[in-house]
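To start, the structure under review is shown below, and the notes come after it.
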Amino acid sequence: MRRAGLGEGVPPGKYGNYGYANSGYSACEENERLTESLRSKVTAIKSLSIEIGHEVKHQNKLLAEMDSQFDSITGFLGKTMGKLKILSRGSQTSCCAT
């Protein structure tokens with residue numbers, strides 16, 4: 001697809017280099033510079049997303065361990081509460097019997 005008026009029959013120095021005539025860059029050089037800049041940004045985002053993925057896996061592992069520990073503590077507390085109820089019933093009957 002061609003864009004009308006971009007470098008076609010335009011005198012050099014005005015828009016002949018796709019608007020980069022005064023900057024010292026040709027359109028191709030500018031595209032290569034921008035492409036390299038974009039490539040470095042994409043690489044940085046990719047490495048950051050990989051690090052985030054590793055951190056998420058680590059956090060999920062910690063959460064799973066905490067969940068397991070809470071389950072075991074819940075069972076332990078449930079048994080303890082059951083024993084306390086039995087003890088409290090026993091002490092009520094022995095207290096009133098005297």
Side-chain angles (χ1 to χ4, degrees):
M1 181 169 136
R2 298 180 72 184
R3 295 183 182 186
L6 295 178
E8 297 176 356
V10 179
K14 187 157 186 170
Y15 298 107
N17 286 333
Y18 298 93
Y20 302 107
N22 296 330
S23 68
Y25 290 110
S26 71
C28 191
E29 290 171 333
E30 182 70 9
N31 281 342
E32 287 178 16
R33 185 182 67 79
L34 291 172
T35 302
E36 185 58 38
S37 173
L38 183 61
R39 182 178 292 123
S40 67
K41 291 175 184 177
V42 168
T43 302
I45 291 172
K46 180 181 176 183
S47 66
L48 184 61
S49 65
I50 289 171
E51 288 179 27
I52 289 171
H54 291 308
E55 183 66 23
V56 166
K57 287 180 184 177
H58 178 69
Q59 294 293 329
N60 281 340
K61 181 181 173 187
L62 290 176
L63 287 172
E65 290 173 3
M66 287 175 59
D67 186 46
S68 174
Q69 290 174 354
F70 280 131
D71 285 344
S72 66
I73 289 173
T74 301
F76 176 74
L77 288 175
K79 290 177 185 176
T80 303
M81 290 302 293
K83 291 177 182 178
L84 284 173
K85 286 180 183 178
I86 292 171
L87 285 173
S88 68
R89 287 181 196 147
S91 65
Q92 289 174 355
T93 57
S94 65
C95 167
C96 297
T98 23

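Worth knowing before you read on, the calculation uses all heavy atoms, side chains too, and leaves out hydrogens, waters and symmetry mates.
Expressed to the nearest 0.5 Å, how far CZ of Arg39 lies from CD of Glu32 amounts to 9.5 Å. Note that the CD atom of Glu29 and the CG atom of Asn31 stand 10.5 Å from one another [nearest 0.5 Å]. Annotation: the span from Asp67 atom CG to Asn60 atom CG amounts to 11.5 Å, rounded to 0.5 Å. To the nearest 0.5 Å, atom NZ of residue Lys79 and atom NZ of residue Lys83 are 8.0 Å apart. Leu48 CG to Glu51 CD: the interatomic distance, rounded to the nearest 0.5 Å, is 6.0 Å. With rounding to the nearest 0.5 Å, the separation of CG in Leu87 from OG1 in Thr80 is 11.0 Å.
For the pair Arg33 and Glu30, the salt-bridge criterion is met [side-chain N within less than 4.0 Å of a carboxylate O].
Leu34 and Val42 fall into different hydrophobic clusters, where Ile, Leu, Val, Met, Phe, Trp and Tyr are joined by side-chain heavy atoms under 4.5 Å apart, directly or via other members.
Between Leu84 and Met81, the closest side-chain pair of non-hydrogen atoms falls below 4.5 Å.
Of the possible polar contacts, one joining the Thr74 side chain to the Phe70 backbone as a donor-acceptor pair under 3.5 Å is found.
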